[in-house]
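Step one of this worksheet: look at the structure below.
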2 protein chains.
Amino acid sequence: MTQDKSAKKDDFDLQEFLPYLLNRAAEESSLEFQQVYKDRYGMLRTEWRVLFHLGNYGEMTAKEIGERAKIHKTKVSRAVSKLEQRRYLARNRDTSDRRVEQLTLTSAGQTVYRDLRLVAEAYDTKLAGLFSRDEAELLRKMLRRLAHMD
Amino acid sequence: MTQDKSAKKDDFDLQEFLPYLLNRAAEESSLEFQQVYKDRYGMLRTEWRVLFHLGNYGEMTAKEIGERAKIHKTKVSRAVSKLEQRRYLARNRDTSDRRVEQLTLTSAGQTVYRDLRLVAEAYDTKLAGLFSRDEAELLRKMLRRLAHMD
DNA sequence: GCTTGTTAGTTACAAAATCAACTATTACTC
DNA sequence: GAGTAATAGTTGATTTTGTAACTAACAAGC
C-alpha cells in the first residue's frame, strides 16, 4: 500500500479547510501575545479580553462585555472576580437596577491596560507586516465578515 | 464623563487587533461544523482532527499527527484512545521499533470520516462563498502564512 | 554489555472550561 | 398588589485541558 502524505485520496484537503486554517492561524498568532499577559500579569485569555473591553470602550456591565466579546456569562463573571481581586477593576451597583453592576478599570487596571495595549499594537503591526497594506486591510475585513462582526 | 462605545480614546481598537479577529472568526466558523461532529458522533475537536488526519493522509503514528496538527502528545494520546474505544481506529505496533504504533482507520472509522468530510466540504464551500474566488484563495494563503503552514 | 541519554506514548494531578442550577432583583399580567 | 416570568450575575458539579512525571523501548559511548 503506497502512502503519500502530501497528496490526498480525493478532492478534500484538511489543510485547505477554512475552519481548520482559521483555528491554526488563531492559535499561532495568539501565542506570542498570550506569553506577555500571562507571564507579566498572570492573566488568562478571558481576563485580558475583559480588561481590554473596559480599557478600550469604557464603563460597561458584565452582560455587555459578554455580548460584545461573545464570552459566556460564567466566564465573564469569573474573569471579573479575578480582575477585581487584583484591584484592576471596580464594581458599581447601578442605582436604578440593583441587579446590574457597572464595571470600570481602576488606575492600576488602566496602567496594565496601557502597557498591554502597547504590546498589542506592536504585535499587530508585526503580523500585518507579513502582508501588503491592502492585503492586511482585506484580511481584517474578511475576518470581520466570518466573525459576524460587521 | 462622556461614554462612546464605538470610538476609542486612542488609535488602538480591539476589534481591529488581528489575534482577536482571528480568534473570533475561528470560533464562529467552527461552531456549525462542531455541532455536527459533536451531535452526530459525540466527538471532540481533537478527535475529529485526528480522524481527519488519518482519513486524509493515511496511516500515521501519534507523533506524526501531533507534529502535523500541532497538538500536544497527551491530547493526541487521549483522542486516539477514545477513537479506538469507539472502534474508529486500530493500532499496530511497529515491528522494527516497538515504541511506535501505526494508526489506521477501521472501516467504521472510514465511514465516519467520509460522512464528516462531505459536511466539511459543503461547509467550506459555504464559507468561501462569502468572498470572491480570488479573495477566498488569498484568505487561505494569508492564513497559512500566519499559521506557519507554508 | 552496561551506563547514560533519548524517544513514543501514557498516566496522575492541577487548572480551566462547560453546563445546570441557584439567588436576587425587576418586569409583566391579571 | 400577588403571582409568574424574565434578567444579571454567581456558584457547584462535571468534563476537558495543561503540566509534569512516569514507563517502556531503543541508541550511543565506552
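Letters A, B, ... mirror the listed sequences (proteins, then strands); counts begin at 1. The structure presented is a predicted model; accordingly, all values stated were derived computationally and were not measured.
Among the atoms of the strands shown, none is found under 4.0 Å from any heavy atom of Arg93(A). Residue Lys73(B) is in base contact, counting any heavy-atom pair closer than 4.0 Å across all strands shown.
The existence of a salt bridge linking Lys63(A) and Glu67(A) is confirmed by a sub-4.0 Å separation between a basic side-chain nitrogen and an acidic carboxylate oxygen.
In this structure, the NZ atom of Lys38(B) is 12 Å from the C1' atom of dA17(C), given to the nearest Å. Between the CG atom of Leu103(A) and the C1' atom of dT10(D) there is a distance of 14 Å, rounded to whole Å. Between Arg45(B) atom CZ and dA17(C) atom C1' the separation is 13 Å, expressed in whole Å. Put simply, CD on Glu67(A) is 11 Å from C1' on dT7(D), counting in whole angstrom units. Between the NZ atom of Lys63(B) and the P atom of dC26(D) there is a distance of 16 Å, given to the nearest Å. Summarising the geometry, the separation between CD1 on Ile65(A) and P on dT10(D) is reported as 11 Å, rounded to the nearest angstrom. Rounded to an integer number of Å, the gap from CG of Asp94(A) to P of dA27(C) is 11 Å. Separating the CD atom of Glu101(A) from the P atom of dT26(C) is a distance of 13 Å, rounded to the nearest angstrom.
Here the side chain of Asp97(A) is nearest to one of dG9(D), dT25(C), dA8(C), namely dT25(C). Distance from the side chain of Arg99(A) is smallest to dA6(D) among dT10(D), dT10(C), dA6(D). Closest to the side chain of Lys75(B), from the set dC19(C), dT17(D), dA17(C), is dT17(D). Comparing atom distances between the Thr74(B) side chain and each of dT17(D), dT11(C), dT11(D) picks out dT11(C) as nearest. Distances from the side chain of His72(B) to the nucleotides dT19(D), dG9(C), dG9(D) place dT19(D) closest.
Under a hydrophobic clustering in which Ile, Leu, Val, Met, Phe, Trp and Tyr are joined whenever their side-chain heavy atoms come within less than 4.5 Å, directly or via other members, Ile71(B) and Val100(B) fall into different clusters.
For the pairing with Glu47(B), the side-chain hydrogen bond (donor to acceptor under 3.5 Å, both in side chains) check across Lys38(B), Lys82(B), Lys75(B) returns one residue only, Lys82(B).
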Subject >> Step-by-step ring-ring contact (aromatic ring centres under 6.0 Å, His included) determination, Tyr20(B) to Phe52(A) >> reply: CA-CA 11 Å; Tyr20(B) 182 70; Phe52(A) 266 58; 9.0 Å; no

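Under 3.5 Å, the side chain of Arg98(A) and the base of dT25(C) form no donor-acceptor pair of N or O atoms. A donor-acceptor contact under 3.5 Å links the side chain of Arg78(B) to the base of dG18(D).
Between Tyr113(B) and Tyr88(B), the gap from one ring centroid to the other reaches at least 6.0 Å.
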